[in-house]
Each structure stands twice: as structure tokens, then as C-alpha cells.
Amino acid sequence: MNIAISLTEIPAGLERVKAIAPEAEVRLMPHGAALDAHLDWAEIVFANITPEQIRRAPRLRWAQLNSSGFEPYLSLRDWPGVLTTARGITSKACAEHVLGLMLMFTRRWLHFQQRQRECVWDRRPQLVGSLVGQTLGMVGYGTNAQALARRAKAMEMRVIAVKRDAAETPLELDELWVIDRLDELLAQSDHVAVLIPMTMETRGLIGAAQFEVMKPGALLYNVSRGGIVDERALLTALQNGSLGGAALDVFEQEPLPPGSPFWTLPHVVVTPHLGAAWGGMWDAALDLFCENLRRFRAGESLLNVADLARGY
């Protein structure tokens, strides 16, 4: 069993891997092009291997990604191997990221930060709001959305969500609908969190028509993929004031170009695609890989298998 592991993306874990698979030959390597030299050899890869590298790896049976999304890999539908993702290991961090931004907008932290720079004591209670009683609408209901829902309910919010194939509403939600009711969700929500995977069906899902039905002054949070939200339509909604603000962690072009108006628009917060990141994520990724390695050797089903046919 030949295992290639990206050294720079995980902490030292060779001993743990060898304890599970003592017969394996394990090669640690820097992230990126160094993997190319091992593609003819590797049977298992734990790294963000590219689709092109997978096609050039004749012996590869299983690849474990360090990311949750896998839209670049949908072209591998006919690949006979197994692709698994890191889904779930960053859900709590993602939920904290969105919740923090919701509090920031609601409590007007951007405003008071500016007043601090101006040395102005702006003590007007009417400026600040509360999340209590507000509605959070989540577009998508995977592990990130589930973690966010639990935290939002603790803040006494109304929480609703849409997904592709909604069933019975879980306890942490007030309503769970099929995605055909997206406009209804948008019309009711004070905060809209985009948490749905990128697929052919979800590209451009939030566009001009959706911004028109949103509550005046609503706030948008995109921590999924940039292409799900039409950036031109978003820019228009922000500039004409129909949207109260946006927190954007992902963009169609990354890094976000210096000339993008999103950098300087008021009521817009830009973060560099780290909304789900946290310092212990590589340890958690190693835990997941080790459990899957145990399952792989035992012939058991792996965790987080990417459904390349469905796209999520």
C-alpha cells in the first residue's frame, strides 16, 4: 500500500498512519508540484490533489481531500477510484464566522469602530439592534448550516432553510423547505447565509430576481462559493441600498482583484476565503484520514465520499 501525504498541509502524523497501516510505504512531500513525481506510484493520496493529477495516477484507488467542496472534480464521474472530502471538520468554525458577522452588523460594530477613530462618543441606543426575534434564512442545509442553526437558535432567532430534497423539519430549525421555495425564504429573512454547494444547478442561484424579493435592508453572507451569487446583481443591490450589507468570504475570482468595488463599499466585509478555517483544522483532517484509512484496510465504507454524480 503506497500512501502519499502532503507534508505542509498537516502536522506530523507519520506515526499514526504507520500504526494503522504498518505495511504501507508512506511518502511525505510539500504541497503542490512535488506530488507529480509520485503519481505513478501512489495508491492513496492525502492532499488537495488536482483532477488532472488524478487522471495521471494509474494506481490511485482513493484520494482524501483537505477541502469540503469538490466542484472542480465533477469531471471525474467515470474515475473508478473513491474521492473523500473534509466535510464537517470546519463546520463549527464556519458557523462562528457567520454568527460573528451577524452580530457585527446588528450591533453596528463597523459604525462604532469608525466613531472610535474619530474619538466620538456616539451613545445612541437606537443605532443598535438584537438578533433576538430576527429571521436567519439559510440557502442549503449541510453540516455548516446545521452548526449555524444550533447557534442561531441559542440567540433566540427564527431559523429557516431550503435544500434540494427537504424532508421532516429537524429540531434546530423552525422551517425546512425544498429549494423551490427559495424566494419565500428570501422574502422573510433578515439575514441570508449562502451555504449550498456549487453545482451546475446552483451556479448563479442568487441573482437580480432574488435580490428584488429580499427584505429591504436584509444582510447577505456568502461562505460557500463565489459563483453561486451573481456579483453584478449583488453590486447593484448594495449600491442602490436595497440590500443592507454583505459579508463575502468567496468570490468568482480569487484573490479578489485590488480594483474590485467590494473592497471599498460601505457595509461590505471582505475576508480571504477563510470563513471555515481554524488553527486545529489540519489535526482534524488527519483524524478523519486516519479513520478512513482504518476503514479502507477493513473494507468498510469510507466517511465523506464525494457523490460526483450529484455534485455534493
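All values derive from a computational prediction rather than experimental measurement.
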Going hydrophobic residue to hydrophobic residue with side-chain gaps under 4.5 angstrom, can you get from Phe211 over to Leu205?
yes
Around atom CZ of Arg77, are there more than 12 heavy atoms of other residues, nucleotides or ligands at under 6.0 Å?
yes
Could you tell me which non-hydrogen atom of Ala218 sits nearest to which non-hydrogen atom of Met214, and how far apart they are?
CB-CE, 3.9 Å
Verify same cluster id: Ile44, Val82 (apolar side-chain graph, 4.5 Å)
yes
Any side-chain donor paired with an acceptor under 3.5 Å for Gln114 and Arg117?
yes
Tell me which pairs pass ring pair (Phe, Tyr, Trp, His ring centres under 6.0 Å) where either residue lies in residues 66-96, with sequence neighbours left out.
none
Under a single-linkage definition using a 4.5 Å side-chain heavy-atom cutoff for Ile, Leu, Val, Met, Phe, Trp and Tyr, are Leu256 and Ile206 assigned to the same hydrophobic cluster?
yes
Minimum heavy-atom distance between Ala147 and Ala95, given as atom pair plus value:
C-CB, 3.6 Å
For atom CD of Gln126, is the number of surrounding heavy atoms from other residues, nucleotides or ligands below 6.0 Å larger than 12?
yes
So OG of Ser260 and CD of Glu231: to nearest 0.5 Å the spacing works out to 7.0 Å
Using side-chain heavy atoms (C-beta onward) and a distance below 4.5 Å, is Ile20 in contact with Glu291?
no
Check for me, please, whether Trp263 and Leu235 land in the same ILVMFWY cluster - side-chain distances under 4.5 Å, paths through other members count.
yes
Gap separating the CG atom of Asn48 from the OG1 atom of Thr85, nearest 0.5 angstrom
10.5 Å
Cut-off 3.5 Å, side chains only: do Thr84 and Asn304 have a donor facing an acceptor?
no
Any donor-acceptor pair under 3.5 Å from Thr236 side chain to Arg232 backbone
yes
Under the ring pair (Phe, Tyr, Trp, His ring centres under 6.0 Å) rule, collect the residues that match up with Trp177, sequence neighbours excluded.
none
Run the salt-bridge test on Asp36 and Arg56 with the 4.0 Å N-O cut-off and return the result as yes or no.
yes
Considering only heavy atoms from C-beta outward, does the side chain of Gln210 approach that of Val192 to under 4.5 Å?
no
Flag side-chain contact, heavy atom, 4.5 Å: Asp174 against Lys153:
yes
Does a salt bridge link Lys18 with Glu15, judged by any charged N lying under 4.0 Å from a carboxylate O?
no
Pick out which of His191, Glu156, Arg158 makes a side-chain hydrogen bond (donor to acceptor under 3.5 Å, both in side chains) with Gln134.
His191
Donor-acceptor pair, side chain of Asn292 and main chain of Leu302, under 3.5 angstrom
no
His267, NE2 atom: more than 12 neighbouring heavy atoms under 6.0 Å:
no
Starting from Leu274, walk the hydrophobic network (Ile, Leu, Val, Met, Phe, Trp, Tyr; side-chain heavy atoms closer than 4.5 Å) and list everyone else you reach, by chain and number.
none
Do Glu254 and Arg225 come within less than 4.5 Å of each other through their side chains, counting heavy atoms only?
no
Find the distance between CZ (Arg124) and CZ (Arg115) and round it off to the nearest 0.5 Å.
6.5 Å
Without swapping roles, check the side chain of Asp230 against the backbone of Gly204 for a donor-acceptor pair under 3.5 Å.
no
Would you say Glu300 has more than 12 foreign heavy atoms packed within less than 6.0 Å of its CD?
yes
Under a single-linkage rule joining Ile, Leu, Val, Met, Phe, Trp and Tyr whose side-chain heavy atoms are separated by less than 4.5 Å, which residues share a cluster with Leu127?
Phe112, Val128
Provide the closest heavy-atom pair for Ala276 versus Ala93 in the form atom of the first, atom of the second, distance.
O-CB, 3.6 Å
Check each of Val139, Val250, Thr199, Val194 against Ile228 using the side-chain contact (heavy atoms from CB on, under 4.5 Å) test, and report the only one that passes.
Val194
Distance col, row Leu293:CG vs Leu288:CG, nearest 0.5 angstrom, shows 11.0 Å
With a 6.0 Å cut-off (strictly less than), is the heavy-atom count around CD of Gln116, excluding the residue itself, greater than 12?
no
When you look at Gln188 and Lys215, which way does the side chain to side chain contact (heavy atoms under 4.5 Å, CB included) test go after all the steps?
CA-CA 7 Å; Gln188 297 184 25; Lys215 261 187 173 184; 5.7 Å; no
With the side chain counted from C-beta on, respond yes when Trp282 and Asn66 share a heavy-atom pair under 4.5 Å apart, and no when they do not.
yes
Hydrophobic cluster mates of Leu176, side-chain heavy atoms under 4.5 angstrom, ILVMFWY only, any path?
Val98, Leu99, Leu101, Met102, Leu103, Met104, Phe105, Trp109, Leu110, Leu131, Leu136, Met138, Tyr141, Leu148, Met155, Met157, Val159, Leu173, Leu195, Leu219, Tyr221, Val223, Val269
Within the side chain of Arg107, is there an N or O that forms a donor-acceptor pair under 3.5 Å with the backbone of Ser130?
no
Nearest heavy-atom approach of Ser301 to Arg295 is O-NH1, 2.9 Å
Check whether any side-chain N or O of Asn144 sits under 3.5 Å from a backbone N or O of Cys94 as a donor-acceptor pair, and report yes or no.
no
Not counting sequence neighbours, which residues clear ring pair (Phe, Tyr, Trp, His ring centres under 6.0 Å) with Phe296? List them please.
Trp62
Heavy atoms only: give me the nearest Leu35-Ala4 pair and the separation to one decimal.
CD1-CB, 4.1 Å
I'd like to know if the side chain of Glu43 reaches the main chain of Arg61, judged simply by a donor and an acceptor atom lying under 3.5 Å from each other, with no hydrogens or angles considered.
no
Considering only NZ, NE, NH1 and NH2 on the basic side and carboxylate oxygens on the acidic side, decide whether Arg297 and Glu23 come within less than 4.0 Å.
yes
Can you measure from CD1 (Ile5) to CG (Leu286) and round to the nearest 0.5 angstrom?
7.5 Å
If you count the non-hydrogen atoms of other residues, nucleotides and ligands that lie under 6.0 Å from CG in Asp78, is the total more than 12?
no
Val17 versus Cys290, closest heavy-atom pair with distance:
CG2-SG, 4.4 Å
Going hydrophobic residue to hydrophobic residue with side-chain gaps under 4.5 angstrom, can you get from Trp41 over to Phe46?
no
Do Asp165 and Arg310 sit within salt-bridge range, that is, some charged N less than 4.0 Å from a carboxylate O?
yes
What I want to find out is whether Glu96 reaches Lys92 closely enough, with some N-O distance under 4.0 Å, to be called a salt bridge.
no
When rounded to the nearest 0.5 Å, the distance separating OG of Ser67 from CE of Met281 is 9.0 Å
If we only count heavy atoms from C-beta on, is the Leu248 to Leu234 side-chain gap below 4.5 Å?
yes
